[in-house]
Protein chains: 2
Amino acid sequence: MDNQLMSIGMVKELTGLSERQIRYYEERQLVFPARTKGGSRRYSYEDVRKIREINQKLKEGFNTFELKEKRGKKNLM
Amino acid sequence: MDNQLMSIGMVKELTGLSERQIRYYEERQLVFPARTKGGSRRYSYEDVRKIREINQKLKEGFNTFELKEKRGKKNLM
DNA sequence: CGTGTAAGGAATTCTGACACG
DNA sequence: CGTGTAAGGAATTCTGACACG
């Protein structure tokens, strides 16, 4: 994981989502950002892509549990 | 510049250099990181590459002024 | 000249919780 | 369930300066 370099602030800018939303997706085990020594999250572009997709699916009516299932079965994310 | 996303802390890790060195190369106009609203520097991979090259050249005996000239003439960096 | 460091401040991020629904 | 927010703390980064050489 040499490519997780964005702070949550960058992700916030790129996606337009709130820190709360971004952290929540992690809490629900949908994204797995790295951590610095200090404990801050570090995201990759791939994570940003996932986060966008998750938010999109949620808007479409799915819940985080379904998204997790879907990932397991179809390995799409 | 959508790809300047690393904090100086990340660059420090990737290059093994000190913040002082990294900032100094900017002061000497050898690298041009972006800035967040808050004022922190944001580096791209390209910047990291330049920083490594600069440090290498300095070890070889060049000074920052020469490095700036070289860049202008040969457009290598 | 290139780099170290202590100084004080400002911006960032973290966690756990209460809230709504 | 997904998200907002106020709370207090910890880690990060910033600038300007003094130091050495």
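Computed from a predicted structure; not experimentally measured. Protein chains get the first letters and strands the later ones, always in sequence-line order, with residue 1 at the start of each.
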In terms of heavy-atom contacts, A:Tyr25 and A:Leu17 come closest through CE1-CD1, 4.0 Å

Scanning both residues in full, the closest heavy-atom pair of A:Gln29 with A:Phe32 reads O-CZ, 3.2 Å

Nucleotides 10-13 of chain D: which of its N/O atoms have a protein N/O under 3.5 Å away?
{"from": "D:dT13", "atom 1": "OP1", "to": "B:Ser7", "atom 2": "OG", "distance (Å)": "2.8"}
{"from": "D:dT13", "atom 1": "OP1", "to": "B:Gly9", "atom 2": "N", "distance (Å)": "3.1"}

When rounded to whole Å, the CD1 to P distance for the pair B:Ile22 and D:dT15 reads 14 Å

Rounded to the nearest 0.5 Å, the CZ atom of A:Arg23 sits from the CD atom of A:Gln21 at a distance of 12.0 Å

- Compare side-chain N and O positions of A:Tyr25 against OP1 and OP2 of D:dT3 and report whether any pair is under 4.0 Å apart. yes

Please determine if B:Glu26 and B:Lys50 form a salt bridge, counting it only when a charged side-chain N lies under 4.0 Å from a carboxylate O.
no

To the nearest 0.5 Å, atom CG of A:Leu30 lies from atom CD1 of A:Ile51 at 10.0 Å

Given the options A:Arg52, A:Glu60, A:Glu53, A:Gln56 meets side-chain hydrogen bond (donor to acceptor under 3.5 Å, both in side chains) only with A:Glu60

B:Met6 and B:Val48 have their tightest heavy-atom pair at CE-CG2, 3.7 Å

When rounded to whole Å, the CD to P distance for the pair B:Glu27 and D:dT15 reads 10 Å

Note, DNA chain D 5' to 3' with Watson-Crick or G-U pairs under 3.5 Å encoded as ( ), [ ], | and . gives .||||.||.|.|.||.||||.

Would you kindly confirm whether B:Phe62 and B:Tyr24 end up in one hydrophobic cluster when ILVMFWY residues are joined by side chain heavy atoms under 4.5 Å apart? yes

Between the protein and nucleotides 5-8 of chain D, list every N/O to N/O distance that falls short of 3.5 Å.
{"from": "D:dT5", "atom 1": "O4", "to": "A:Arg20", "atom 2": "NE", "distance (Å)": "3.3"}

Nearest heavy-atom approach of A:Leu58 to A:Thr64 is CD2-N, 4.0 Å

Using OP1 and OP2 only, check whether a side-chain N or O of A:Tyr24 sits under 4.0 Å from D:dG2. yes

Distance col, row B:Ile22:CD1 vs B:Ile8:CD1, nearest 0.5 angstrom, shows 5.0 Å

**Report entry** Electrostatic pair B:Glu13:A:Arg42 at N-O distance under 4.0 angstrom
**Finding:** no

Between CG of B:Asn63 and C1' of C:dT3 the distance, given in whole Å, is 15 Å

Ranking C:dG2, C:dG4, D:dG2 by distance to the side chain of B:Ser18, first place goes to C:dG4

